[in-house]
Amino acid sequence: MPVESVVSAYLTGDSTITLLSRDSGGRRVVRQVPAEWVAYFKSSDLDEKITRDLRTSVYVRSLRVEGDWTRVGFVNRIARDDFCSDRRSFVSQLGIATYEADVSPIVRYMVDTNAPIAKPRRVYLDIETDSSRTFVQSKNGEARILSWVLVDEDERVQIGVLSEDTDRDEKRLLDLLWHALRPYDQIVAWNGDNFDFPVIFARSEQRGCEVNANDWLWLDFMVLFERMNKNASESGDEKTSMKLQDIGQAIVGEGKEPTPPEVIERFGDKPMGALTRPLWEAGGKWRDMLVRYMLQDGDLLRRIEKETGYIALLGTLCEVCHIFPNTRGINPTHQMDGFMLRLGLERNYHFATKQYRDIGEQYKGAIVVPIKAHGIERNVHVCDFSSFYPSVILTWNMSPETKVYVPPGQPRPNNVCLSPLTKVHFRTDVQGILPIAVSEFLRLRKYWSDLKAALPPGTDESQDANRKSTAFKVIANSFYGVLGTPYSRFFDPAIAESVTQCPVWMLVATIEEAEKRGWTCLAGDTDSAFIKGCSQEEFGAFVDWCNSVLYPRMLLEVGCKENKIKLAYEKAFDRLIYVTKKRYCGSWLHYKGTVATKDSKPEIKGMEYKRGDASALGRKLQAQVIDLLCGGLKLNGTTEVPTDQLVYFHDALLTAKKHVLDDPLTLDEIRISKSLSKPLREYVTRIKKDGMKGADLAHVGVAKILEGRGAEVSEGTRIEYIVVDGSCSPQKVIPAEDYTGGEVDRFYVWETHVYPPTQRLLEAAFPDEDWKGWLKVRPAKPRAVRQSKKRAQLPQSTALPEDHA
DNA sequence: AGCTCTGGCGACAGTA
DNA sequence: TACTGTCGCCAG
């Protein structure tokens, strides 16, 4: 009998799993199965007496032998913990190791039955609450829900609006929502985990709605978007805000709708979201405008998904990993857990019980080669190792159960290989479970991308195949990280360090070989080397030689039996300017053999242009100079510095400087946006030597002000601010929302956020020119000693723009 | 409650 | 002024 696909599952009490699925007519089917609190043991670890004791214990529901393993099902969580988890537990006193004794019955069920994860019926949700309450009050369920909107994939729209300001009517509104949700399985909202979902739960409980939220999968689209979009965006412009309207604007070109003039006239100049209460109260056309606003947000979610396909990709990832596509399914550890537990079961392998441990020492990571690039470099060839970390895991057969100890000084056995920099040894005669997993990822990725190539483009089948291919790429790339986190079941710092250090060993050897040929390595990072001094043909031949001679020789020396390492000639730069490690820009000669054209955009890495915490003016000036350096500049010889053309740069600097110092500056141009990486309370205020409290970081101080105003301030919140006086320490800052147009320290803006990023770039490109002269714009401080006491205590008057103008 | 990693740059506050 | 430690964000 085929196992039905599962939409969602949750524990009902300690001993029952409720499984949700849908029949062919789309009706919900609820089924209950016993929850199994399972622990595995190695049968060889159990003697007859222990087995008998387990079998007859009232705490044990089932016991069976599966291959080399004994699978014991306990009656509930406490029974399993008492037997297995605690340090003083029954089995730990006997010194018996347990396996997977932490796995939840839900995961156990999904892994054991191999039940397919259903494709959930998705709906996008947006709610509005009473704007007379603060965000925090709303979030805590202290504000009435005024309205909700649902939009589904077929653009079917449902709306609920409060009729009267009573608990009774709010209950009607909520019951209506829960009823409207019944055809759907997955509920998607922007920032849902932090707002919409808890608000709905809290208000429904207050109103006495009889509903079980576990019947749905709750997905926070913002969390998913943040993770998936990290490497996708080109400039920093898209990274300054995670507000739905801003993301909508960046992704689908719509979202930032100004408040209609008639609304401003009647209710004041605020965003629509801050006017929900007055609009609702005014009724009639005003209430309709509120609904339209809400509708637009709901539909924005659908359109962002249509454009990005991120939720669909998550669905594929979760399907492959036997987990449910809710917010939790976004976590790589969770994904890997599901995938690996199933793989282990199929391969007769079980993983050690997950330990809760203290965060240990950091281990060594990748190598970043010191920069030798100087000025504008021409004709730079770049090679890189394809999927370096996965191929290293395969080549060294790195896995917890293949790891063996070989005492120092003792000869390496034949069936063992050595990670040369970490001195960790691995057996090579039996493939480890981690390499099995990695080869599965790579095999399945290839399978789906081949299938995608064979299918007609644009079809659903082709898109699905493409997503599966991407999903396996994502999993393969996150695998190493999961080895390195103490929160993961697969945490093994010795293996993780070997995964990073074998590449160090190979990259260093590659660079040495290139330099032996008289070439220069200008830069290199983790898996890449930037080489100058050779022709394309020579470099291509070098890459081939590395693959066919150098690496086989090196790997033979350390005993690897299989060579999955592959170096590729990725691209060449026509021009390349390195500012520092991890910060460079350049224009391509070719990419994987395809010759670049005049329209090819420059490649930009790490520079302020790419950063969401730089000021927009700083990004803009840097972008202009990058365009000049990588394209606009006419270079005659390969090394000649075109001093006659420096005038272009000086023009750009002059214009930018005049603008910063003299023109009105908009908020968008000068705002700084940084996120809180932890809850506000966890930022410790340092105590200074004199016993006084140290200053908060700028964005932390502003966050505290905003919190006082009732705004949402939590981990991950982006805080926007303006520096009004950067000449003192600590500097003075205000929330961006307080900016009215004048109160900004222009000198600081130029001297810190606009010019220096470009100055560093120009100094890198033209190291013989002097670029310092453009920096200082702040008039000299008046000598405080010559001032009267009163005058000296006034704020730095020169910092105010009026004085300059 | 649950959490992919390390290397590296630059802004900043504070100290000697 | 030079230096240290913290923080946020990016490269890979």
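- Base pairing in DNA chain B gives the following stems of 3 or more Watson-Crick or G-U pairs, range against range and under 3.5 Å: B:5-16 with C:1-12.
- Under the rule for a ring pair (Phe, Tyr, Trp, His ring centres under 6.0 Å), the partners of A:Phe441 that lie at least two apart in sequence or sit in another chain are A:Phe339, A:Phe479.
- Across residues 492-505 of chain A, not one residue has a non-hydrogen atom less than 4.0 Å from an atom of DNA chain B.
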Please enumerate all protein N or O atoms sitting under 3.5 Å from an N or O of nucleotides 1-3 of chain C, with distances to 0.1 Å.
none

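- At C:dC7, none of the side-chain N or O atoms of A:Ser677 fall inside 4.0 Å of OP1 or OP2 (strictly under the cut-off).
- Backbone-only engagement by A:Thr333 is indicated by non-hydrogen atom pairs under 4.0 Å involving sugar-phosphate atoms exclusively.
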Would you tabulate the side-chain donor-acceptor contacts of residues 686-696 of chain A under 3.5 Å, counting partners in other chains and residues two or more places apart, or write 'none'?
| from | atom 1 | to | atom 2 | distance (Å) |
| --- | --- | --- | --- | --- |
| A:Asp690 | OD1 | A:Met692 | N | 2.9 |
| A:Asp696 | OD1 | A:Lys704 | NZ | 3.3 |
| A:Asp696 | OD2 | A:Lys704 | NZ | 3.1 |

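- Contact annotation: A:Ser675 does not reach the phosphate of C:dG8 (side-chain N/O to OP1 or OP2, under 4.0 Å).
- Regarding A:Gln622, its CD atom lies at a distance of 13 Å from the C1' atom of B:dC9, rounded to whole Å.
- Judged by the 6.0 Å distance and 45° axis criteria, A:Lys678 is positioned over the aromatic ring of A:Tyr683.
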- prompt: If the sugar-phosphate is the primed atoms plus P, OP1 and OP2 and the base is the rest, what is the B/S/- string for nucleotides 10-16 of chain B, using protein heavy atoms under 4.0 Å?
  reply: SSSSSSS
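- OP1 or OP2 of B:dG8 has not a single side-chain nitrogen or oxygen of A:Tyr584 nearer than 4.0 Å.
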